[in-house]
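Report on one structure; see the data block that follows.
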Amino acid sequence: MLGECGMLERDRRGLRKCSVTLCKEMVVDELFIQSLQTDDILTDSMAESILVEPTSHKRSWRLLSLLPKRGPRAFSSFCSALRDTEQQHLCALLTESPERDGERQCPQTAKVKDRAEEVISTAYPIQASDRNAPFTKTPVKDSEEEGDEEKERYVDSPLPLPTQEGIVPAKRARTQESMEMCLDADSPITSSVLPCTPDFYLKHCQQSYSMVSSPRGLALVISNVSFDPCAAPDLDSRKGGEVDEEVLRKVFTELDYIVTVRRDLTAPGMRECIEQFGRRQQHQTVSSCVVCLLSHGVEGAIYGTDGQLLELDWVFEAFDNAHCPLLQNKPKMFFIQACRGEEMDCGVEQSDGPERTQSPGCEQRDAGREGEGDGDTRQTEERGRLRVKLPQRSDMICGFASLKGTAAMRNTKRGSWFIQEVNSALRFRARDTHLSDILVQVNGRIKDREGYAPGTPHHRCKEMSEFTSSLCKDLYLFPKYHPQY
């Protein structure tokens with residue numbers, strides 16, 4: 001049966017069913033559009049109307065609105081373009097969709113989908129129309145395989161090097177149900193990002209990093225929620241992690257970043273993803289870059305889903321002045337939500353302090369570690385040289401959810417403390433506060449938080465975030481302001 005202008009009805013239903021995930025995850029760039037033009041699916045005017053859209057979400061939505069009208073070959077060409085641009089996981093999501101195959105669905109695909117929906121329903125209450133949104137790890141070719149074969153699942157991921165996360169042996173013994181029952185079920189703050197005023201921009205633009213491109217930059221979010229029970233039996237599912245990734249996607253999209261979200265990657269998959277992300281030519285024309293890593297971790301590393309560690313120092317190296325010349329002299333922002341050790345911060349009673357009367361929420365632990373933000377600087381050449389030399393590593397700022405050696409807290413309903421506070425601060429303070437001061441404010445909010453889980457070791461637990469910086473100017477994001485020249 002044919003749908004609009006000749007597209008098969010099953011293909012049209014498949015596109016509609018997966019449209020939310022496609023709009024969130026798909027990268028629609030010139031190469032992608034060129035592939036569809038080569039197959040005579042899009043005309044030049046259609047391609048121009050897509051690429052002129054200001055955000056990745058709008059470009060994806062525009063493309064998806066045109067495809068059903070482009071004939072019966074449009075779907076197969078679209079899938080081919082996804083494969084050619086290393087977005088095989090989205091191609092698999094479409095081709096394995098029960099909307100296309102009727103009731104026929106392989107048991108392995110159904111099993112993975114059921115597990116994802118179970119996590120979403122318990123830890124991330126969202127509308128039914130968005131149920132596919134957080135499910136970004138669709139097995140590509142070897143979804144039925146376990147163990148060593150799992151590494152191939154994520155090789156197509158464009159994320160940088162993975163980092164390792166430290167795990168506490170007693171972690172698996174925690175009672176997830178009782179932990180969740182004591183948590184507030186409020187959703188994360190979703191108020192619109194407050195805009196910067198023209199007067200504020202004119203007053204501060206000279207002494208700050210240039211932040212005038214639209215989009216402002218590219219953002220990468222790697223979120224490991226479910227871990228391979230065979231390869232990493234000691235790593236629990238990070239319930240609430242899917243909330244964090246959605247919060248980050250929304251806030252950085254509002255801040256005019258093109259956001260790429262990747263879910264559940266092995267350590268080699270994270271490395272491959274990060275390397276590909278750092279090589280993207282779009283970095284040359286934008287003002288900045290954002291990388292967010294969410295996983296279990298240890299000091300100096302985070303875990304892949306295969307239980308292997310990705311060193312954070314490798315991640316920072318991937319974006320330094322030598323390895324990522326397209327981002328030289330541009331601010332590079334990192335946010336690490338992971339434990340940096342096993343020690344639980346039980347807090348200290350404040351002398352002459354006010355009595356504590358409320359607890360913002362009880363969290364699980366994410367173990368992870370930081371990579372150092374400052375690198376060895378090279379010696380300066382003679383003054384007579386015309387070419388200016390740069391330090392090996394500069395213009396970076398990295399926010400860590402916890403101090404070295406300590407655990408990070410994650411609320412199974414509302415996401416992690418750190419990402420909650422970063423989200424809130426960016427939405428309300430980015431309009432008139434530079435990023436270093438925003439992270440100082442985040443530290444203050446984290447300092448005031450206290451876990452609430454009576455009868456568990458997490459009751460009245462504490463956390464303290466920190467950040468490192470090699471920024472050389474003030475970093476204002478100037479949200480929603482685009483100067484006219």
Side-chain angles (χ1 to χ4, degrees), residues 25 27 82-93 108 112 115-116 135-167 218-238 241 245 260-280 289 291-320 323-324 334-339 366-371:
E25 301 299 322
V27 176
L82 288 172
R83 290 190 295 269
D84 291 344
T85 55
E86 300 180 339
Q87 302 181 74
Q88 292 94 328
H89 63 293
L90 295 178
C91 178
L93 183 66
Q108 292 80 4
V112 172
R115 184 175 64 179
F135 185 51
T136 58
K137 189 198 81 169
T138 302
V140 179
K141 294 181 179 179
D142 51 348
S143 60
E144 74 279 9
E145 300 295 333
E146 297 291 342
D148 294 338
E149 293 297 322
E150 184 175 24
K151 295 181 180 178
E152 297 181 9
R153 263 182 241 179
Y154 312 101
V155 169
D156 64 324
S157 165
L159 296 182
L161 296 178
T163 48
Q164 122 190 43
E165 176 184 49
I167 299 304
L218 307 183
L220 174 65
V221 179
I222 297 179
S223 175
N224 290 337
V225 175
S226 301
F227 295 80
D228 187 333
C230 297
D234 293 329
L235 300 181
D236 290 338
S237 174
R238 299 180 60 254
E245 68 188 50
T260 299
V261 180
R262 291 292 180 266
R263 166 82 74 84
D264 292 347
L265 299 179
T266 62
M270 289 193 290
R271 179 180 292 266
E272 178 70 16
C273 180
I274 290 170
E275 289 176 335
Q276 292 182 17
F277 179 77
R279 290 195 298 264
R280 290 178 64 174
C289 170
V291 175
C292 306
L293 302 176
L294 319 173
S295 187
H296 289 304
V298 296
E299 176 62 22
I302 62 171
Y303 280 106
T305 57
D306 56 353
Q308 300 301 309
L309 289 170
L310 175 67
E311 294 294 330
L312 287 176
D313 199 57
W314 178 91
V315 177
F316 300 136
E317 182 180 282
F319 293 93
D320 67 19
H323 294 86
C324 194
F334 300 86
F335 299 91
I336 312 297
Q337 171 57 43
C339 291
D366 280 327
R369 161 180 177 155
E370 83 170 335

Please test V221 against T260 for side-chain contact (heavy atoms from CB on, under 4.5 Å), starting from the C-alpha separation and ending with a verdict.
-> CA-CA 6 Å; V221 179; T260 299; over 6 Å; no
Roughly how far, to the nearest 0.5 Å, is the CD atom of Q337 from the OG atom of S295?
-> 10.0 Å
Heavy-atom side-chain contact between R271 and V315 under 4.5 Å = no
Can you check side-chain contact (heavy atoms from CB on, under 4.5 Å) on V225 and D264, steps first, answer last?
-> CA-CA 6 Å; V225 175; D264 292 347; 3.8 Å; yes
D306 side chain to A231 backbone, donor-acceptor under 3.5 Å = no
Kindly determine whether L293 and F335 satisfy side-chain contact (heavy atoms from CB on, under 4.5 Å), including the steps that lead there.
-> CA-CA 6 Å; L293 302 176; F335 299 91; over 6 Å; no
Is the backbone of R263 close enough, under 3.5 Å, to the side chain of E245 for a donor and an acceptor to pair up by distance?
-> no
What residues form a side chain to side chain contact (heavy atoms under 4.5 Å, CB included) with C91, not counting sequence neighbours?
-> C79, L82, R83, T95
What distance separates E25 CD from L93 CG, expressed to the nearest 0.5 Å?
-> 9.5 Å
Just how far is it from atom CZ of R280 to atom CG of L220, taken to the nearest 0.5 Å?
-> 9.0 Å
Any side-chain heavy atom of F277 within less than 4.5 Å of one from C289?
-> yes
Hey, what do you get for OG1 (T266) to CZ (F227), rounding to the nearest 0.5 Å?
-> 11.5 Å
What distance do F316 atom CZ and C324 atom SG have between them, rounded to the nearest 0.5 Å?
-> 14.0 Å
Can you tell me how far CZ of R262 sits from CG of L265, rounded to the nearest 0.5 angstrom?
-> 8.0 Å
